[in-house]
K.L.:
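Can you read through this structure? Questions will come right after.
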Amino acid sequence: MSGPLAEVVVDIAASDVDRVFHYQIPPPLAGRLEVGHRVLVPFGARRVDATLVGFTSTTDLPPERLRPILALRDPVPVLTPALIELARWMERRYLCLFVQALRAMLPPGARGDGVRLAPRRWARLVLPPEEARRQQAALARRAPRQAALLQQLLDRGEMPQAELLRRAGASHAALQALVQRGWVEVREREPLEEEPPPPPPEAPPPLTPEQAAVWEPLQAGLAGRGPRVTLLHGVTGSGKTEIYLRAIAAVLARGQGAICLVPEISLTPQTVARFRARFGNRVAVLHSAMTPTERLAAWRRIRAGRQPVVVGARSAVFAPVPRLGLIIVDEEHENSYKQEETPRYHAREVALARARLEGAAVVLGSATPAVETYFRACQGEMGLLRLPRRVAGRPLPDVELVDMRAEFEAGHRSIFSRRLLELIHQRLAARQQVMLFLNRRGYHTVLLCRECGFVLRCPHCDVSLTFHQLASGRMQCRCHYCDHRQVPPATCPACGGVALRPFGLGTQRVEEVARRLFPRARIQRMDADVTARRGAHEAIYRRFAAGQIDILIGTQMIAKGWDVPGVTLVGVVSADTALHMPDFRRHERTFALLEQVAGRAGRGDDPGTVVIQTYTPEHPCLQAVRRHDYEAFFRREIEERRELGFPPFSHLVRAVVAGGERPAVERAAVLLAAAWQAEVAGRRVAGGAVTPAAPAPIERLRGRWRWHVLARATDLDALLEATRAAAAGVRERWPRDVQLQLDADPYNML
Ligand code: ADP
Ligand code: ZN
């Protein structure tokens, strides 16, 4: 099928070159090129990296304008034809450039950013050492360089060719001479090819009756005798991961591969160990702490089919697994699956699209499915299987709601309620472990003037600054968006008064109070400030799991994936911030977060208790958490969404217009809103509506002004078309400095 011309997409993210260009295939590359190869091409006066996306025999270009591909960047095609098709889908679905979608799929090293792409050449002795020593002595006078090469190989064994030549001070020709005599062998080896030796594969435990009841229909689906997409709704600790492992084993047995997506934060050594124990070094792990070289090496092993099981965070959905049979999305409701930069894709949706393209099955797992996913399952769009109980009859933890209004009335002003204090003391006495959760880092959340109400804000962003305590004990104000830092002012910048006071709770303050109240307990805080150091996350986890920490205080970071049997008490210091966020998903997020946090308690032999402190204990969302009643939460939530016309009853597209000058940004946004409105009306987009342009909730971010426009429709495809048309029409009329970000199915509305 390899026609005479190559279709190529160049690595330049600009809409005017976001199309396929035709190139000649020079004779040395004839028959060697495949779809998915990375190539180097002449482009205008430049040479640029590009991706080969197809072949053709027809072109509009006159023969003299056709130029040849200059070089193959990598002998292995990093992308598969199916992935290139997936990039086409992403381009439409997420309103991005084709090349942006392709880039999201490439490992960093393949983007031409300085990582060695070529596999390393290694040299080793073929001669037995004794014979080599004899030849070395004989060569010493007549061919000293060849002798030096032999000496190096005798001393060091197999080594990279480049290093060998450097150490021996020899030329390539000298090495070739040895190769030709058959004394030395040079072979290509990928960086990091050597993997740790596989542990003996662990025999899977027999399934519990509940797991068996789920496994039966799931297995049928995997074999093509049932739904190809399944939502596995199982409470924390119900044995979902065991089901994933079974499903992967079944797919492997058929000679296919599998991808298991987990949120970055739960990509803990513990999770990885479970996969490795079952599948040994057939598992590739992709995480954000990998160097580009490591990532590229993993990509090649996957592409070559040597590691058919891939475990990784969001971008692992693009892993080039050759015969993909299954994609698992664990904790499918997690917001971290949504990428917040272009292309703004959602890994769950990409997983579903990719599986459709490649005929793979999908398992979505969660204790608290996204409202949109659960709705789809209820509509029969996918199979729905349940694991309502924990393994081994372990009970779900008791959840107590503590009314902080009553604490206040009783004159108890501590950040810990009397009930929480009592339970912490009890657990410490019994040598059990405690987790305290608060979703705000720092010391205090704002600096407020008690006289005039002034709140200290970031000079570059439209948000208040958070108070942090430095190691020296001094205070510092920080912006959590742009990391601006400043010394707190002594007097109010607005009224000059001296009543400037820190306000609101952060994890640092919780830690300080806990240390004062429980002086003998071993206390550790874990939030983005603490784990900024590489490896800190793991180190804390290990100490906590080993029982060397009594009280762990943290943000979201401690909510997920942690399975520490010693934890019998989880305290939520305040549930109210999450509950009152300006976001239509706030209840869904709160429910999921609290269930996750609660899921950390009572995973061992001792039952767990969860204490949630709140000023609105009667809130239906909290009441549902108290009973671990997802169904009750869902029924209420879905009715509210239906009434308000929010997803899943509509699709949203958000446009953010940003620039350095406020008036220009406002004008551009108004222009966009009008054009968008006209397109939506003109095309009669079903359920279509466009809001007027308005300042974004965070109107200034990192020094740039931001306005936004929201559109909504029931017909997503029509809305996407209208959006593209509107954006293309107005962009040319905007000043250069003004940028447009489009977000289909946005999660972040700030
Ligand atoms: P989930 O993924 O739903 O949180 P896990 O798969 O992690 O649940 O299971 C919870 C605990 O139960 C783990 O410690 C796991 O090793 C154990 N477990 C799961 N399935 C079985 C089984 N069939 N037999 C024995 N132990 C099991
Ligand atoms: Zn800022």
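Start at 1 and go down the list; that is how both ligands and their atoms are numbered.
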K.L.:
Holding to side chain to side chain contact (heavy atoms under 4.5 Å, CB included), I want the full list of residues that pass it with D550, two or more places apart in sequence or in another chain.
P.N.:
L428, A521, R522
K.L.:
Side-chain donor-acceptor pairs under 3.5 Å in residues 315-325, sequence neighbours left out?
P.N.:
| unit_1 | atom_1 | unit_2 | atom_2 | d |
| --- | --- | --- | --- | --- |
| R323 | NE | G255 | O | 3.0 |

K.L.:
Ignoring hydrogens and geometry, is there a side-chain-to-backbone donor-acceptor pair from R525 to T507 under 3.5 Å?
P.N.:
no
K.L.:
Write out the protein residues near ligand 1, meaning a non-hydrogen atom under 4.0 Å from one of its atoms, in order of chain and number.
P.N.:
P205, P206, L207, T208, Q211, V235, T236, G237, S238, G239, K240, T241, E242, R274, V391, D563, R603
K.L.:
Could you tell me whether R635 and E639 have a side-chain N and a carboxylate O separated by less than 4.0 Å?
P.N.:
no
K.L.:
So, Y747 versus H346, ring centres under 6.0 angstrom or not?
P.N.:
yes
K.L.:
Applying ring-ring contact (aromatic ring centres under 6.0 Å, His included), which residue pairs with at least one partner in residues 366-389 are found, sequence neighbours left out?
P.N.:
H233-Y374, Y374-Y630, Y374-F634, F375-F649
